[in-house]
Amino acid sequence: MTGIASRLKTRDEKGRQCALERLDVLDTPAENGFEKITGLVRTIFDVPVAAVSLIDKDRQWFKSIQGLDISETAREVAFCDHTIRKTDCMCVPDATKDPRFAKNVLVTGPPHIRSYLGAPIISPDGYALGALCAIDYRPRKFSPEKEKVLASFADLVMNELELRQLASCDGLTGLATRRAFVDAAEEVFEQGRNAAFIFIDLDHFKTINDANGHPVGDDVLKATSAALLANCPDHAFIGRLGGEELAVLLPDTDRQGAFRLAESLRAAIAATTVKSARNLAFTASVGVAMQDAAHDLAGWMAAADAALYEAKSRGRNCTVIGYSDQLSNAV
Amino acid sequence: MTKPSAAENFETVLKDKANKAAGGSLPPQLQRLTDQHVERLRSLVEAMRVAGVDDGLVRLSVRDIIDSYEAELLDALLRLAEERS
């Protein structure tokens, strides 16, 4: 296992859950890289079942599972939920004799798990997101050397997760790409989560680029994304939609909460300076639309865009929240 | 001269495949992940040898992992290129 294990944050469940959600991997289809790894684990460990289990709030969901025809179980019965509390592998030679698992329904009933070896899958920021596991229907011990093999495979699983996430991140700012952001917005819209769409556009960005050069423009974008990351709650989703356009999805909020966050983001950006251009200051205009302003995602984004346009019209460096046909509350 | 095994030359193979997929050089963020992948693959090979895993199985594992990483890297590059266009 890597040195990351020594920085494992086992007591920060909320942060762990956020780290898992940032990967945007739950309930996605099977992918070859993960299937290859579980297939190899089955062969090398000579076990009937191998799985990549990710521990969600109330369930374990399998990104890959071979040898069992299930996609998830309740978290309370998940062996892997115990593994993520450890910095190294968890070995259960005989579940029927282990007080933690003897009465577990997966042991007393189908599939009648008897032995288990799991290695935590640890994110670069120290969260155990799930486990790679090998399961057998007979009692058996796994050697410490085999534990190291499984831990090495678990590190490769984390690499696979990082690679698939990277394709969804903007290279300059590290925020979600437009495509990833729109996917997330679509999901939030379908879930009907009383969400706000906060549209942010840097003021006079072309002038900043023309006067100071594109490297300074890049620094402005990086400083802006840092300000957004520092001031958004964990459950917000931030993206760069293109050029100097950024956006925040804020689920589970109301108009006042959405406006308050949007305004605090505008103020944070206005308070930011870029050292590479003699502490250059800059501002942004912000438009906000609540989800109930529209019948579909396109309408929601258009409503936020209309609010942003109004903010620009009112002289920039301000926040406007509105519905598609009704704007209010300018600062 | 003995031909190096897949397990021994995986670093060169993986980096060659990664650079070929990228058409020359990888974007920095993908380069970092590829370097990390090589390092972790090296640890896996070492762990498998210490655990006494059959050499044929070690070779099969390395080949499978390299092949699948190449495909995923190409997907990532295409998506990044799509975002920039």
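Reminder, nothing fancy here: chain letters follow the sequence lines and each chain counts from 1.
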A.B. asks: Report the residues that fulfil side-chain hydrogen bond (donor to acceptor under 3.5 Å, both in side chains) with A:Arg114, sequence neighbours left out, ordered by chain and then residue number.
C.D. replies: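 Result, side-chain hydrogen bond (donor to acceptor under 3.5 Å, both in side chains) vs A:Arg114: A:Asp94, A:Thr96.
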A.B. asks: Taking all atoms of both residues into account, what is the closest heavy-atom pair of A:Gly33 and B:Ser68, and its distance?
C.D. replies: CA-OG, 3.6 Å
A.B. asks: Enumerate donor-acceptor pairs with a distance under 3.5 Å from any side-chain N or O in residues 156-163 of chain A to protein atoms, sequence neighbours excluded.
C.D. replies:
residue, atom, partner, partner atom, Å
A:Asn159, OD1, B:Gln36, NE2, 2.4
A:Asn159, OD1, B:Arg40, NH1, 3.3
A:Asn159, ND2, B:Leu33, O, 3.3
A:Asn159, ND2, B:His37, ND1, 2.9
A:Glu162, OE1, B:Arg32, NH2, 3.4
A:Glu162, OE2, B:Gln36, NE2, 3.0

A.B. asks: Taking atom CG of B:Leu60 and atom NZ of A:Lys36, what is their separation to the nearest 0.5 Å?
C.D. replies: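 Answer for the CG-NZ pair, B:Leu60 versus A:Lys36, is 9.0 Å.
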A.B. asks: How long is the span from the CE atom in B:Met48 to the CD atom in A:Glu145, to the nearest 0.5 Å?
C.D. replies: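 That separation rounds to 14.5 Å.
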A.B. asks: Distance check, rounded to the nearest 0.5 Å: A:Phe153 atom CZ versus B:Ile65 atom CD1?
C.D. replies: 5.0 Å
A.B. asks: Which residues in residues 39-55 of chain A have any heavy atom lying under 4.5 Å from a heavy atom of chain B?
C.D. replies: A:Leu40, A:Thr43, A:Ile44
A.B. asks: I'd like to check the side-chain hydrogen bond (donor to acceptor under 3.5 Å, both in side chains) partners of A:Lys206; sequence neighbours left out, ordered by chain and number.
C.D. replies: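 A:Asp210.
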A.B. asks: Do you know which of B:Gly52, B:Ala71, B:Ser61 has the most heavy-atom pairs under 4.5 Å to chain A?
C.D. replies: B:Ser61
A.B. asks: Select one option (side chain, backbone, both, neither) describing which atoms of B:Val50 are under 4.5 Å from chain A's heavy atoms.
C.D. replies: both
